[in-house]
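Heads up: the structure comes next, in structure tokens.
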2 protein chains.
Amino acid sequence: MRAEQKERTRLALIAEARRLFAARGYADVGLSEITAAAGVTKGALYHQFDGKVALFRAVLEAVHREIADRVVAAAEGDPWAAFVAGCQAFLTATTDPALQRILLVDGPAVLGWAEWRAFDEATSAFHLEEALTGLMRLGLLPERPAAPLTRLLSGAMNEAALWLATEPSALDDTRRALTELLESLRCR
Amino acid sequence: MRAEQKERTRLALIAEARRLFAARGYADVGLSEITAAAGVTKGALYHQFDGKVALFRAVLEAVHREIADRVVAAAEGDPWAAFVAGCQAFLTATTDPALQRILLVDGPAVLGWAEWRAFDEATSAFHLEEALTGLMRLGLLPERPAAPLTRLLSGAMNEAALWLATEPSALDDTRRALTELLESLRCR
DNA sequence: CAATTGACATACCGTCGGTATGCGAAATAG
DNA sequence: CTATTTCGCATACCGACGGTATGTCAATTG
């Protein structure tokens with residue numbers, strides 16, 4: 001079958017690109033290196049993707065999907081507990097160095113902020129804002145515009161994850177700080 | 001005087017680079033464009049800086065200094081009011097599109113997260129953490145490790161600023177949300 | 001089985017960041 | 001006031017990279 005060979009090539013390119021981008025960053029990895037690792041040539045890459053940026057976009061999609069899956073899987077229990085667990089799962093996921101650089105460092109720079117936000121909107125931020133409005137409806141959070149709060153919390157978790165990359169010993173303290181931050185917002 | 005001509009060249013390069021980086025991003029601006037705008041050639045640039053990254057570093061330093069100045073200037077009143085005013089000033093400063101892309105988007109990607117944090121540590125994060133520990137000593141904030149909280153708040157403000165770039169109408173709501181977030185942390 | 005498609009390889013191009021070298025004016029010495 | 005040195009900068013060049021045009025051969029199709 002021709003289509004499955006194509007898909008195998010595509011997945012190999014995405015996988016190798018993701019590995020290399022995560023390790024050394026978008027700018028420091030050449031296409032030749034990616035194609036060599038995937039066992040194809042530049043022709044194959046350009047047959048599958050519109051260019052280096054398009055390849056990165058595909059990699060970022062995969063990363064986003066993975067994070068969303070992890071967060072959804074972790075969010076269980078009563079509404080408030082599920083919310084906190086989801087946030088903690090997000091922190092854990094974005095602490096993973098294999099995801100971090102692609103998602104939080106190179107993502108905005110390569111795609112530009114506008115497109116990066118569109119990705120984020122479709123996954124993390126969307127779920128977070130949904131969760132926040134849900135908690136407000138249940139009376140667990142004071143009613144207020146959800147969008148700004150979504151950004152504040154999303155940014156807090158992103159930055160905390162990045163900081164943890166250089167300060168891994170602070171993981172427990174950061175988890176606690178995040179929980180306390182969320183609890184302090186809760187209706188009492 | 002020869003030294004002042006050198007300084008003029010240097011400042012012109014930094015100014016033009018800053019303008020172009022802010023408008024279109026680090027990767028999309030070539031050295032030829034910068035040098036042309038500054039009225040010199042690539043030889044002059046390489047005489048003053050070690051390369052494109054070093055030039056960006058000088059630009060980022062200027063941006064950091066400017067933000068720190070604005071924040072310090074805004075932080076006045078009693079300790080808690082000064083703290084909130086400083087945070088709001090930071091949000092305002094990083095909402096400025098001329099600073100935003102350089103500081104928050106390209107900065108981490110170009111310098112790598114480690115070096116970017118070193119810059120941030122020397123200015124924003126340093127002041128923020130200092131302010132937080134000061135507030136704890138005064139009993140205005142519950143005692144807790146300041147470093148993780150610093151990161152959470154710093155990230156919250158950064159992300160909020162970036163979000164505001166695409167949603168300027170939410171400025172007031174975001175200011176309120178930030179104030180409420182800070183107030184919710186306060187000892188009562 | 002001929003014709004066609006399409007997945008991929010190869011060769012090539014323009015541009016970019018970076019380097020080596022040369023020039024000319026300002027600074028300094030005699 | 002001239003000779004010499006210094007040094008800020010221009011010019012010419014290089015290798016590497018992203019991207020494109022073209023060629024090739026196996027899988028598909030009628």
Side-chain angles (χ1 to χ4, degrees), chain A residues 1-60 101-102 106-112 115, chain B residues 1-60 101-102 106-112 115:
Chain A
M1 197 66 174
R2 223 147 147 198
E4 62 189 36
Q5 173 57 34
K6 179 175 183 175
E7 196 56 21
R8 241 188 291 135
T9 300
R10 190 183 165 81
L11 292 178
L13 282 168
I14 293 179
E16 295 304 316
R18 175 171 170 177
R19 194 174 54 79
L20 290 164
F21 288 159
R24 307 209 318 267
Y26 177 83
D28 274 11
V29 177
L31 292 183
S32 60
E33 200 172 350
I34 297 172
T35 54
V40 295
T41 65
K42 208 156 47 162
L45 194 156
Y46 271 87
H47 186 71
Q48 304 267 3
F49 302 97
D50 277 348
K52 195 185 181 185
V53 171
L55 173 60
F56 180 83
R57 198 173 281 126
V59 169
L60 187 63
R101 172 141 206 178
I102 293 170
D106 285 332
V110 173
L111 300 182
E115 189 178 347
Chain B
M1 199 64 173
R2 224 146 147 200
E4 63 189 36
Q5 172 58 34
K6 180 173 182 177
E7 195 57 19
R8 241 188 290 134
T9 301
R10 187 182 167 82
L11 291 178
L13 283 168
I14 292 179
E16 294 305 316
R18 176 171 169 177
R19 194 174 54 79
L20 290 164
F21 288 159
R24 308 209 319 269
Y26 177 84
D28 274 12
V29 177
L31 293 183
S32 60
E33 201 171 349
I34 297 171
T35 54
V40 294
T41 65
K42 207 156 46 162
L45 194 157
Y46 273 86
H47 185 71
Q48 305 268 1
F49 302 97
D50 277 348
K52 194 184 182 185
V53 172
L55 174 59
F56 180 83
R57 198 172 282 126
V59 170
L60 187 63
R101 173 141 205 178
I102 293 170
D106 285 332
V110 173
L111 300 183
E115 190 178 348

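The chains referred to below are lettered A, B, ... by the order of the sequence lines, with proteins before strands, and numbering in each begins at 1.
- B:His47 has a side-chain polar atom (N or O) that falls below the 4.0 Å cut-off from OP1 or OP2 of D:dG8.
- With rounding to whole Å, A:Leu45 atom CG is found 11 Å from C:dC8 atom C1'.
- Using a 4.0 Å cut-off, no side-chain N or O of A:Gln5 falls inside it from OP1 or OP2 of C:dG6.
- Using a 4.0 Å cutoff on non-hydrogen atoms, no part of residues 8-20 of chain A comes near DNA chain D.
- In this structure, the side chains of B:Ile102 and B:Tyr26 stay at 4.5 Å or more apart for every pair of heavy atoms.
- Every residue two or more places apart in sequence or in another chain that forms a side chain to side chain donor-acceptor pair (under 3.5 Å) with A:Arg18 is listed here: A:Glu66.
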In B/S/- notation (B base, S sugar-phosphate only, - none; protein heavy atoms under 4.0 Å), nucleotides 16-30 of chain D written 5' to 3' is --BBB-----BBS--
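- C:dG17 atom C1' lies 15 Å from atom CD of B:Glu33, rounded to whole Å.
- Here A:Arg8 pairs with nothing under the salt bridge (charged side-chain N to carboxylate O under 4.0 Å, His left out) rule; sequence neighbours left out.
- Remark: A:Ala12 pairs with A:Ala38 by the side chain to side chain contact (heavy atoms under 4.5 Å, CB included) rule, at least two apart or across chains.
- Counting only heavy atoms from C-beta outward, the side chains of A:Phe21 and A:Ile34 approach each other to under 4.5 Å.
- Applying the salt bridge (charged side-chain N to carboxylate O under 4.0 Å, His left out) criterion to A:Arg57, with sequence neighbours excluded, gives A:Glu115.
- Remark on the helix from C:dC1-D:dG30 to C:dG30-D:dC1: inter-end axis angle 0°, axes from five-pair C1' superpositions, rounded to 10°.
- Residue B:Lys6 contributes atom NZ, which lies 11 Å from atom C1' of D:dC9 at whole-angstrom precision.
- Every pair passing salt bridge (Lys or Arg N to Asp or Glu O under 4.0 Å) that includes a residue from residues 21-46 of chain A is listed here, sequence neighbours excluded: A:Arg24-A:Glu33.
- Whole-Å rounding puts the A:Asp28 CG to C:dC16 P distance at 19 Å.
- In this structure A:Glu7 satisfies the side chain to side chain donor-acceptor pair (under 3.5 Å) test with no other residue, sequence neighbours excluded.
- With sequence neighbours excluded, no residue forms a side chain to side chain donor-acceptor pair (under 3.5 Å) with A:Thr35.
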Determine all donor-acceptor pairs shorter than 3.5 Å in which one atom belongs to a side chain in residues 43-51 of chain A; sequence neighbours excluded.
unit_1, atom_1, unit_2, atom_2, d
A:Gln48, NE2, A:Lys6, O, 3.3

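- The side chain to side chain contact (heavy atoms under 4.5 Å, CB included) test applied to B:Ala109 returns A:Val105, A:Asp106, A:Ala109, not counting sequence neighbours.
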